[in-house]
Participant: 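Mind looking over this structure? Questions follow.
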Amino acid sequence: MSDMSNKVALITGASSGIGRATAELFAEKGSRVALAARRQAELDSLVADIEARGGQAIAIKTDVSVSADVERMVSHTIDAFGRLDYAVNNAGIEGRFAGITELSEADWDQVLGINLKGTFLGMQHQARAMLAAGNGGAIVNVGSVNSFLGFATGAAYCTSKHGLIGLTTSVSAELASQGIRVNLVCPGIVDTPMHQRLRQDIGDEVYDQGVLPSVHLERAGQPEEIAQAIVFLCSDEASYITGSTLTPDGGLTLTV
Ligand code: NAD
């Protein structure tokens, strides 16, 4: 893969799951990494892990649904590392699943505020920084197979993830001429703390007999496998890919 040393990557939701694996992979490839999430202690421990392996990382406590936090997240990255080459808007929550007659306005606002508005805010400040530097860049947003598929009780989550397709493709069209590529990664079932919470909610039996059989590869993905897709889309190997979706889902969306 192309040389990613001397590059700077900013990853939201870096304290756990897919975001953590992505930060570790960028660091392994020599990039300096800015780690953003809400939990300071988890971020600090990841910074220590990356530094122990010879990498460079900073932690930036951020709530991606708060505009001032997101602005500070990007400016702190530039202050610390002098540039921003790759941005991964991965932070997300599943929220509370509820039927449309039960879903509260607060549930809706929380999920849309983090998953969709948080990505909008992230891209806005990342794009401003990349445009000001004039070196191009790559932004990857993290959707889901639920960017294409709905499910009962999933209106808020699925709407937030469907919205990321419109957000990603529109912004990719705006930024392409300035050398900034914007893509969406849509994972299937991935073994992370979020996934473990969902599995606990629905129960092992329903999961094993109702959910897993819809995955052609017959297993959950690992966060590291999603990180590979994200880092690929940032790399020069993906130089002709923008406004696109990549769906590492073990074949889930192929199922009829
Ligand atoms: P996770 O719960 O393990 O990690 C989510 C991360 O987002 C954590 O670091 C958390 O602190 C952070 N976060 C949540 N709200 C935040 C906020 N307001 N501000 C800043 N950070 C915030 O989950 P994961 O499975 O690693 O999920 C990462 C992304 O992948 C999410 O967008 C999720 O929707 C998506 N996804 C996950 C799966 C799966 O099966 N695990 C499948 C499809 C898509």
Side-chain angles (χ1 to χ4, degrees), residues 10-25 33-47 59-74 87-97 109-122 125 140-149 151 154 156-165 167-168 184-202 207 211-212 214-215 219-227 229-230 245-250 252-253:
L10 164 63
I11 302 105
T12 71
S15 62
S16 171
I18 293 168
R20 185 182 172 105
T22 302
E24 289 179 320
L25 186 56
V33 286
L35 314 173
R38 289 171 304 182
R39 292 172 295 172
Q40 185 76 47
E42 277 79 357
L43 290 176
D44 287 343
S45 128
L46 180 55
V47 167
I60 312 171
K61 187 171 163 28
T62 308
D63 182 336
V64 297
S65 66
V66 176
S67 183
D69 269 26
V70 178
E71 185 170 8
R72 196 177 43 82
M73 167 184 90
V74 173
V88 180
N89 294 300
N90 159 79
I93 58 165
E94 67 277 28
R96 190 174 77 85
F97 295 127
D109 285 347
Q110 188 195 30
V111 172
L112 273 288
I114 294 173
N115 296 2
L116 189 54
K117 188 179 96 172
T119 304
F120 150 66
L121 291 172
H125 292 288
V140 174
N141 299 325
V142 178
S144 166
V145 287
N146 298 118
S147 296
F148 316 107
L149 306 172
F151 63 90
Y157 184 75
C158 295
T159 302
S160 73
K161 293 298 183 180
H162 275 63
L164 291 178
I165 293 184
L167 183 59
T168 302
L184 183 68
V185 166
C186 293
I189 298 167
V190 189
D191 190 9
T192 67
M194 177 188 285
H195 167 66
Q196 282 145 21
R197 288 192 294 276
L198 296 175
R199 182 175 176 145
Q200 219 164 29
D201 279 357
I202 63 173
Y207 178 83
V211 177
L212 262 195
S214 60
V215 181
R219 64 173 177 83
Q222 292 305 309
E224 294 74 17
E225 294 176 292
I226 311 307
I230 294 170
T245 55
L246 182 56
T247 307
D249 69 350
L252 174 63
T253 45

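The first residue in the sequence is number 1, and the count goes up from there. Note that ligands are numbered from 1 as they come in the structure, with each ligand's atoms numbered from 1 the same way.
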Participant: Does one side chain, of T168 or N141, offer a donor that lies under 3.5 Å from an acceptor on the other?
Facilitator: yes
Participant: For atom 5 (C) of ligand 1, find the nearest protein heavy atom and state the residue, atom name and distance (0.1 Å precision).
Facilitator: G92 O, 3.7 Å
Participant: Looking only at protein heavy atoms, which one is nearest to atom 40 (O) of ligand 1, and how far off is it?
Facilitator: V190 N, 2.9 Å
Participant: Quick test: of every protein heavy atom, which one is nearest to atom 8 (C) of ligand 1, and how far off is it to 0.1 Å?
Facilitator: S15 OG, 3.7 Å
Participant: With a 4.5 Å limit on heavy-atom distance, are the side chains of V64 and D69 in contact?
Facilitator: no
Participant: Can you list the atoms of ligand 1 that are under 4.0 Å from a heavy atom of D63?
Facilitator: 17 (C), 18 (N), 19 (N)
Participant: Under 4.0 Å from ligand 1, counting heavy atoms only, is it the side chain of R20, its backbone, both or neither?
Facilitator: neither
Participant: What protein heavy atom sits nearest atom 21 (N) of ligand 1, and how far away is it?
Facilitator: A91 CB, 3.5 Å
Participant: In ligand 1, which numbered atoms sit nearer than 4.0 Å to a non-hydrogen atom of I114?
Facilitator: 15 (N), 18 (N)
Participant: With a 4.0 Å cut-off on heavy atoms, is G113 in contact with ligand 1?
Facilitator: no
Participant: Please report the closest heavy-atom contact between S160 and N115, naming both atoms and the distance.
Facilitator: OG-ND2, 3.2 Å
Participant: Does some non-hydrogen atom of G188 fall short of 4.0 Å from ligand 1?
Facilitator: yes
Participant: Once the angle between the rings of Y157 and F97 is folded into 0 to 90°, is it parallel (under 30°), tilted (30 to 60°) or perpendicular (over 60°)?
Facilitator: perpendicular
Participant: With a 4.5 Å cut-off on side-chain heavy atoms, are T192 and I18 touching?
Facilitator: yes
Participant: Please classify the V64 to ligand 1 contact at 4.0 Å (heavy-atom distances, strictly less than): side chain, backbone, both or neither.
Facilitator: both
Participant: Would you say A37 has any N or O atom under 3.5 Å from an N or O of ligand 1, going by distance alone?
Facilitator: no
Participant: Against heavy atoms of V142, which atoms of ligand 1 measure under 4.0 Å?
Facilitator: 29 (C), 30 (O), 35 (C)
Participant: Can you report which non-hydrogen protein atom sits closest to atom 28 (C) of ligand 1, along with the distance?
Facilitator: N90 OD1, 3.1 Å
Participant: Closest approach of I189 and V211, non-hydrogen atoms and distance?
Facilitator: CD1-CG1, 3.2 Å
Participant: From R197 CZ over to I202 CD1, what is the distance, rounded to the nearest 0.5 angstrom?
Facilitator: 14.0 Å
Participant: So which protein heavy atom does atom 1 (P) of ligand 1 come closest to, and at what separation?
Facilitator: S16 OG, 3.5 Å
Participant: Could you check if a side-chain atom of K117 sits within less than 4.5 angstrom of a side-chain atom of L121, using non-hydrogen atoms only?
Facilitator: yes
Participant: Ignoring hydrogens, what is the shortest heavy-atom contact between L167 and F120? Give both atom names and the distance.
Facilitator: CD2-N, 3.7 Å
Participant: Applying side chain to side chain contact (heavy atoms under 4.5 Å, CB included), run through S67 and H125 and close with a yes or a no.
Facilitator: CA-CA 9 Å; S67 183; H125 292 288; 4.2 Å; yes
Participant: Measure the shortest side-chain to side-chain distance between V111 and I93 over non-hydrogen atoms and say whether it is less than 4.5 angstrom.
Facilitator: yes
Participant: Determine whether the side chain, the backbone, both or neither of I93 has a heavy atom under 4.0 Å from any heavy atom of ligand 1.
Facilitator: side chain
Participant: So if I count the atoms of ligand 1 from 1 in the order they appear, which ones are less than 4.0 Å from some heavy atom of P193?
Facilitator: 3 (O)
Participant: Which atoms from ligand 1 have a heavy atom of I189 less than 4.0 Å away?
Facilitator: 40 (O)
Participant: Which residue owns the protein heavy atom closest to atom 24 (P) of ligand 1, what's the atom, and how far is it?
Facilitator: T192 OG1, 3.6 Å
Participant: Between L46 and E24, is any pair of side-chain heavy atoms under 4.5 Å apart?
Facilitator: yes
Participant: Are any of the heavy atoms in G118 under 4.0 Å away from ligand 1?
Facilitator: no
Participant: Which residue and non-hydrogen atom of the protein lie closest to atom 44 (C) of ligand 1, and at what distance in Å?
Facilitator: G143 O, 3.2 Å
Participant: Using distance alone, determine whether R38 and ligand 1 share an N or O pair under 3.5 Å.
Facilitator: yes
Participant: Would T12 count as a contact of ligand 1 if the rule is a heavy atom under 4.0 Å away?
Facilitator: no
Participant: Show me which atoms of ligand 1 lie under 4.0 Å from any heavy atom of T62.
Facilitator: 19 (N), 20 (C)
Participant: Just which atoms of ligand 1 are under 4.0 Å from any heavy atom in Y157?
Facilitator: 33 (C), 34 (O), 36 (N), 44 (C)
Participant: Report yes if the side chains of N90 and T22 come closer than 4.5 Å at any heavy-atom pair, otherwise no.
Facilitator: no
Participant: Answer with yes or no whether R197 contacts ligand 1, where contact means a heavy atom under 4.0 Å from a ligand atom.
Facilitator: yes
Participant: So do the side chains of Q196 and D191 get within less than 4.5 Å of each other, counting heavy atoms only?
Facilitator: yes
Participant: Hey, are the side chains of E225 and P187 touching, using non-hydrogen atoms and a 4.5 Å cut-off?
Facilitator: no
Participant: Can you figure out which of K161, M73, M194, E94 has its heavy atom closest to atom 23 (O) of ligand 1?
Facilitator: M194
Participant: Short list, please: which atoms of ligand 1 are under 4.0 Å from a heavy atom of I18?
Facilitator: 26 (O), 30 (O), 37 (C)
Participant: Ignoring hydrogens, what is the shortest heavy-atom contact between L43 and A59? Give both atom names and the distance.
Facilitator: CB-CB, 3.6 Å
